[in-house]
Amino acid sequence: MSTRTLYSLGLDEHDRLNNELGGGIPGGSIVLVEGDYGAGKSAMSQRFSYGLCEEENAVTLVSTELTVRGFIDQMHSLSYDVEEHLLNENLLFLEADVDTGKSALRGGASSNDDDGSRRQLLKRLMEADRMWDADVVIVDTFDAILRNDPNFEALVRENEERQAALEIISFFRDLASQGKVIVLTVDPSTVDEEAIGPFRSIADVYLELEMVEVGNDVRRSIAVRRFAGMGEQVGDSIGYSVRSGTGIVIESRSVA
């Protein structure tokens, strides 16, 4: 049994996700959740955030896809009643508007920065002190921030994306050393291997969401590539589905 603090994902009476992942995410971890478009990255990050809040942890969720209204509607569709956590400030939701003229990180407040400053997304992310006060910080999806940051893009053109990734990783490692958990969701098809490779290498927990078509059915699974500091034993593959009105459901069937 690990001596590290485990952040329980809760909802034990709702689904078996926390149990399947060994009782929670170890404190001081960088978690990479990787999957193609439609694999369930956002649903998984929403399940993580709600369950963690139900266990009285402070959570920040940064979304590159949803507005606050869209987030609340999506959580309702999954039967995750999140309003109380938002009102009590257990959950800080931030909209990362990465490709328009709006503020890059918005949680209701506006920004007076010019567009040039707004576009330095990684810099703004790292300097947004309030969001890093939480026990767990989830960025969904992190690859959108990488792709839309002009400084990172310039380094990619110069074949220096690996060095840029290592600088970001150093920032995350400093936060993890304080016992915090950083969860990054990534679509690997949208970024270069040299950019995503370092994050795979340093992730304490590396989960890959997979989809397989079986007839007219799409079966999903969580492939556990790495899980350092686990509590109870974690399996190699966890079948799951995303159901409207229910949320994440752990399936007992195998995924072939």
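All residue numbers refer to positions in the sequence shown, counting from 1. Just the heavy atoms: all of them, side chains too, but no hydrogens, waters or symmetry mates, feed the values below.
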Between the main-chain N or O of [Y] and the side-chain N or O of [X], is there a donor-acceptor pair closer than 3.5 Å?
X: Asp140; Y: Ser45; result: no
X: Ser29; Y: Val31; result: no
X: Thr64; Y: Thr141; result: yes
X: Ser221; Y: Gly239; result: no
X: Arg226; Y: Ala203; result: yes
X: Asn148; Y: Ala144; result: yes
X: His14; Y: Gly51; result: no
X: Asn88; Y: Glu84; result: yes

Interatomic spacing from [atom1] in [X] to [atom2] in [Y] - rounded to 0.5 Å:
X: Ile222; Y: Leu207; atom1: CD1; atom2: CG; value: 6.5 Å
X: Leu6; Y: Glu232; atom1: CG; atom2: CD; value: 9.0 Å
X: Tyr7; Y: Thr5; atom1: OH; atom2: OG1; value: 6.5 Å
X: Ile72; Y: Gln74; atom1: CD1; atom2: CD; value: 12.0 Å
X: Leu184; Y: Asp143; atom1: CG; atom2: CG; value: 10.0 Å

Of all heavy-atom pairs between [X] and [Y], which one has the smallest distance, and what is that distance?
X: Pro26; Y: Gly229; answer: CG-O, 3.1 Å
X: Phe152; Y: Leu146; answer: CD2-O, 3.6 Å
X: Ser8; Y: Leu52; answer: O-CD2, 3.4 Å
X: Gln120; Y: Pro150; answer: N-CD, 4.5 Å
X: Val181; Y: Gly27; answer: CG2-CA, 4.0 Å
X: Leu61; Y: Ser49; answer: CD2-OG, 4.0 Å

With a 4.5 Å cut-off on side-chain heavy atoms, are [Y] and [X] touching?
X: Ser189; Y: Tyr37; result: no
X: Leu209; Y: Lys41; result: yes
X: Val82; Y: Leu91; result: yes
X: Ile168; Y: Leu122; result: yes
X: Tyr240; Y: Glu20; result: no
X: Pro188; Y: Asp36; result: yes
X: Val205; Y: Leu32; result: no
X: Asp236; Y: Phe227; result: no

Open item on the list: Please determine whether side chain to side chain contact (heavy atoms under 4.5 Å, CB included) holds for the pair Arg220 and Glu210, giving the CA-CA distance in whole Å, both sets of side-chain angles, and the decisive distance to 0.1 Å.
Closed with: CA-CA 6 Å; Arg220 293 181 168 86; Glu210 301 178 330; over 6 Å; no
Open item on the list: Tell me which pairs pass salt bridge (charged side-chain N to carboxylate O under 4.0 Å, His left out) where either residue lies in residues 168-192, with sequence neighbours left out.
Closed with: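 Non-adjacent pairs meeting salt bridge (charged side-chain N to carboxylate O under 4.0 Å, His left out): Arg173-Asp204.
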- [ ] Spell out, yes or no, whether Val249 and Leu78 are grouped together once hydrophobic residues are joined by side-chain heavy atoms under 4.5 Å, including indirect joins.
- [x]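 No: no chain of side-chain contacts under 4.5 Å links Val249 to Leu78.
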Task: Glu158 atom CD, over 12 foreign heavy atoms within 6.0 Å - done: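 Yes - once you tally the heavy atoms of other residues, nucleotides and ligands closer than 6.0 Å, there are more than 12.
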Open item on the list: Just checking Glu213: does its CD atom have more than 12 heavy atoms from other residues, nucleotides or ligands closer to it than 6.0 angstrom?
Closed with: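 No.
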Would you say the side-chain atoms of [X] and [Y] include a donor-acceptor pair closer than 3.5 Å?
X: His76; Y: Glu83; answer: yes
X: Thr67; Y: Arg69; answer: no
X: Arg147; Y: Thr190; answer: yes

Open item on the list: Quick test of your reading of the model: are Asp15 and Arg47 salt-bridged, counting only N-O distances below 4.0 Å?
Closed with: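 Looking at Arg47 together with Asp15, the answer is yes, because their closest N to O distance falls below 4.0 Å.
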- [ ] Please determine if Glu34 and Arg200 form a salt bridge, counting it only when a charged side-chain N lies under 4.0 Å from a carboxylate O.
- [x]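 Salt bridge present between Glu34 and Arg200.
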Open item on the list: Check the orientation of Phe93 and Phe71. Use parallel for under 30°, tilted for 30 to 60°, and perpendicular for over 60°.
Closed with: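 Aromatic pair Phe93/Phe71 classed parallel.
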TODO: Look at the rings of His85 and Tyr50 and say which category their plane angle falls in: under 30° parallel, 30 to 60° tilted, over 60° perpendicular.
DONE: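 Plane angle over 60°, so perpendicular.
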Open item on the list: Show, in sequence, the C-alpha distance, side-chain angles and deciding distance for Trp132 and Ile182, and conclude whether the side chain to side chain contact (heavy atoms under 4.5 Å, CB included) test is met.
Closed with: CA-CA 9 Å; Trp132 303 110; Ile182 312 299; 3.9 Å; yes
- [ ] Evaluate the criterion side chain to side chain contact (heavy atoms under 4.5 Å, CB included) for residue pair Ile238 and Arg16; output intermediate values, then yes/no.
- [x] CA-CA 10 Å; Ile238 304 164; Arg16 303 196 311 275; over 6 Å; no
- [ ] Only one of Val242, Leu9, Leu11 passes side chain to side chain contact (heavy atoms under 4.5 Å, CB included) with Ile248; say which it is.
- [x]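 So the option named by the test is Val242.
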TODO: Verify ring-ring contact (aromatic ring centres under 6.0 Å, His included) between Phe142 and Phe199, making sure each step is shown before the conclusion.
DONE: CA-CA 11 Å; Phe142 185 61; Phe199 292 97; 5.5 Å; yes
Open item on the list: Test side chain to side chain contact (heavy atoms under 4.5 Å, CB included) on Val218 and Val212; report intermediate values, then the result.
Closed with: CA-CA 6 Å; Val218 176; Val212 177; over 6 Å; no
